[in-house]
Amino acid sequence: MITKEHTRKYLLILVMIVLLLPLIQECTNLFTEKHLSGYFKPAKKPVAGVNGWWNGTFQDSFELYHNEQFGLRNAFVRLHNQFEYDLFKHTNANDVIAGKNDFLFELKYITAYNGDDYIGDKAVREMTRKLKTLQDSLTKKNITLIVAFAPGKASFYPEYIPDHLNNAGKPTNYKSLATAFNASGINFIDFNSWFIQKKENSAYPLYPKTGIHWSRYGSVLAADSLIAYIEQKRQVDMPSVVIKSVTWSDSIQSPDDDIGRSLNLIFPVKPLLMAYPEYNFESPDQKAKVKMMVVGDSFFWSLFDIRFAPRSFESIDFWYYNSQVFHTDGRQQEMAENADNCLETETNQVVMIIASESNLGGFGWGYIDDAYDYFVLKRKDRILNKMIRSYETKIRMDQAWMMTIKAKADAAKIPLDSMIRLDAVFLAEEKMKSK
């Protein structure tokens, strides 16, 4: 017969086992733990030393390291995240917002949809002028410049934005730039508008519920559309995408669950039933293949990954955020600061600049100004200017840095863009002095 005393003893033993489980796991690796998704920089195991011990840096470093290494940490992180998501719809992924019906957004897309990052009418006019002039200059060199806007999730699914964050109605970078580009004659592909038009009648999902980029099916449609646009502009016949079949699947493929995975939940958010195309490319016999350079954000990865080159293009040079450079012609990946985007422009027949609505505030990431200086103004000081624009891009992509710059701009009572420029000029000039 089990008495109350026995029950208390068993409960105490159970509690002790639970408390000791992390230590047991850390020492034995008894359970196989699933890795956490998302990007983070792991703490390095510190090396003990006399100086570090006495000044306290070893202890601080060891604490950071141990907090990432104790047994069952990943399971406890997922459990914590699950409680917060179920109770409060709070996510512990950086700037990920849980919308209505568990549709997931990144905050910057909602900010762009609301127009809270609008660069202003003057900046829109200046960017349009430079792009059109640059396009005309490159046309004389038989280089086709194309500007493309990838779809944005907030624009595609505004009905699922949380009510307290849906403040649409102000001018936006997307609407203002799209209007200006269309009116000026810039070679412009508006995938955002195209996707919204196809939303109700598409046989398959163009945008996932738990991803931030266009669906795999949507990206293949975009690839085929891009090829057709280049064919029309350059009067060539290229190997096109041929979709053989489309299969529904509840097994989500990359990138259709990229922000869903980043939540690190025990019970993941249920995604939409997605469709995946089986496709190939037309035979290259008697077809033209062009060389293309792309300056773009992460939306181009889906197109880059389907091996556009060499199946439809001779080669592609992908300048990711005009910061890292990826090649398909056998060259190694390199940093943009060690390459020359203008000289590389001259080796390609097509140059495309592509971004989603969340990145239109810094569209081109300095490339437009670099190329304008080189091809239009033929300026000799373009190395300094390129360095300045590189710092501007770094500032805009670093949230903590941007907050500091905004505080300085508010204190000086000048526009944010002006303060970004002033800091970038100072840093570039100091860098030039050190060379």
Side-chain angles (χ1 to χ4, degrees), residues 94-95 107-108 111-112 115-131 133-134 147 173 176-177 180 293-298 318-325 334-345 351 353-435:
N94 189 34
D95 285 335
L107 181 60
K108 61 182 181 179
T111 298
D116 294 332
D117 64 346
Y118 184 51
I119 59 176
D121 297 347
K122 182 179 178 182
V124 168
R125 290 193 298 270
E126 182 66 4
M127 186 185 297
T128 304
R129 181 189 68 81
K130 285 188 174 182
L131 274 171
T133 308
L134 176 61
V147 174
N173 293 324
S176 298
L177 288 171
M293 172 180 173
V294 177
V295 182
D297 59 15
S298 55
F318 180 24
W319 289 64
Y320 181 52
Y321 285 102
N322 199 33
S323 178
Q324 296 172 277
V325 192
E334 57 187 325
M335 299 304 295
E337 60 191 26
N338 300 322
D340 193 315
N341 51 14
C342 295
L343 295 182
E344 186 142 303
T345 296
V351 175
I353 311 172
I354 181 170
S356 66
E357 63 185 352
S358 66
N359 287 314
L360 295 181
F363 186 58
W365 305 277
Y367 171 79
I368 297 169
D369 290 322
D370 289 342
Y372 184 83
D373 282 356
Y374 183 79
F375 292 105
V376 179
L377 301 182
K378 306 186 187 303
R379 294 178 64 166
K380 296 180 180 179
D381 58 348
R382 72 185 187 89
I383 300 301
L384 174 62
N385 289 329
K386 179 180 177 181
M387 194 177 297
I388 291 171
R389 286 188 284 273
S390 175
Y391 277 116
E392 287 180 326
T393 298
K394 289 177 182 177
I395 291 171
R396 291 181 186 278
M397 293 180 66
D398 188 315
Q399 291 185 353
W401 201 348
M402 277 290 285
M403 288 177 65
T404 302
I405 298 295
K406 189 176 188 309
K408 290 171 65 175
D410 291 342
K413 297 182 180 179
I414 63 175
L416 178 59
D417 276 356
S418 299
M419 184 55 72
I420 292 172
R421 180 73 177 181
L422 287 173
D423 269 44
V425 168
F426 173 77
L427 292 169
E429 288 177 344
E430 290 299 304
K431 180 88 173 191
M432 292 292 285
K433 289 177 186 176
S434 66
K435 289 192 172 184

Please report the interatomic distance [atom1]([X]) to [atom2]([Y]), rounded to the nearest 0.5 Å.
X: T393; Y: Y321; atom1: OG1; atom2: OH; answer: 11.0 Å
X: L427; Y: E392; atom1: CG; atom2: CD; answer: 10.5 Å
X: I395; Y: D423; atom1: CD1; atom2: CG; answer: 5.5 Å
X: D297; Y: N359; atom1: CG; atom2: CG; answer: 4.5 Å
X: S358; Y: L107; atom1: OG; atom2: CG; answer: 10.5 Å
X: I420; Y: I388; atom1: CD1; atom2: CD1; answer: 14.0 Å

How close do [X] and [Y] get, heavy atom to heavy atom, and via which atoms?
X: W319; Y: E344; result: NE1-OE2, 2.9 Å
X: Y367; Y: M293; result: CE1-CE, 3.8 Å
X: A409; Y: P415; result: CB-O, 4.2 Å
X: M419; Y: I414; result: CE-CD1, 3.4 Å
X: V376; Y: L134; result: CG2-CA, 4.1 Å

[Y] side chain reached by [X] side chain, heavy atoms, under 4.5 Å:
X: E357; Y: N173; answer: no
X: V147; Y: L177; answer: no
X: T133; Y: F375; answer: no
X: L422; Y: K408; answer: no
X: T345; Y: Y374; answer: no
X: D417; Y: R396; answer: yes

message: Holding to side chain to side chain contact (heavy atoms under 4.5 Å, CB included), I want the full list of residues that pass it with Q324, two or more places apart in sequence or in another chain.
response: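 Applying side chain to side chain contact (heavy atoms under 4.5 Å, CB included) to Q324 gives Y320, F326, Q333, M335.
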- prompt: Would F363 and I119 satisfy side chain to side chain contact (heavy atoms under 4.5 Å, CB included), going step by step from the backbone distance to the final call?
  reply: CA-CA 11 Å; F363 186 58; I119 59 176; over 6 Å; no
message: According to side chain to side chain donor-acceptor pair (under 3.5 Å), who are the partners of D398, at least two apart in sequence or on a separate chain?
response: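 So D398 forms no side chain to side chain donor-acceptor pair (under 3.5 Å) with any residue.
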message: Going by the rule side chain to side chain donor-acceptor pair (under 3.5 Å), which residues pair with S298 if we only count those two or more places apart in sequence or in a different chain?
response: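 Checked S298 against side chain to side chain donor-acceptor pair (under 3.5 Å); matches are H213.
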task: Check V325, D370, V295 against N341 for a side-chain contact (heavy atoms from CB on, under 4.5 Å) and give me the one that passes.
output: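 Exactly one option meets the side-chain contact (heavy atoms from CB on, under 4.5 Å) with N341, and it is D370.
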- prompt: Do any N or O atoms from the side chain of N322 and from the backbone of W365 form a donor-acceptor pair under 3.5 angstrom?
  reply: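 Yes, N322 side chain to W365 backbone: donor-acceptor pair under 3.5 Å.
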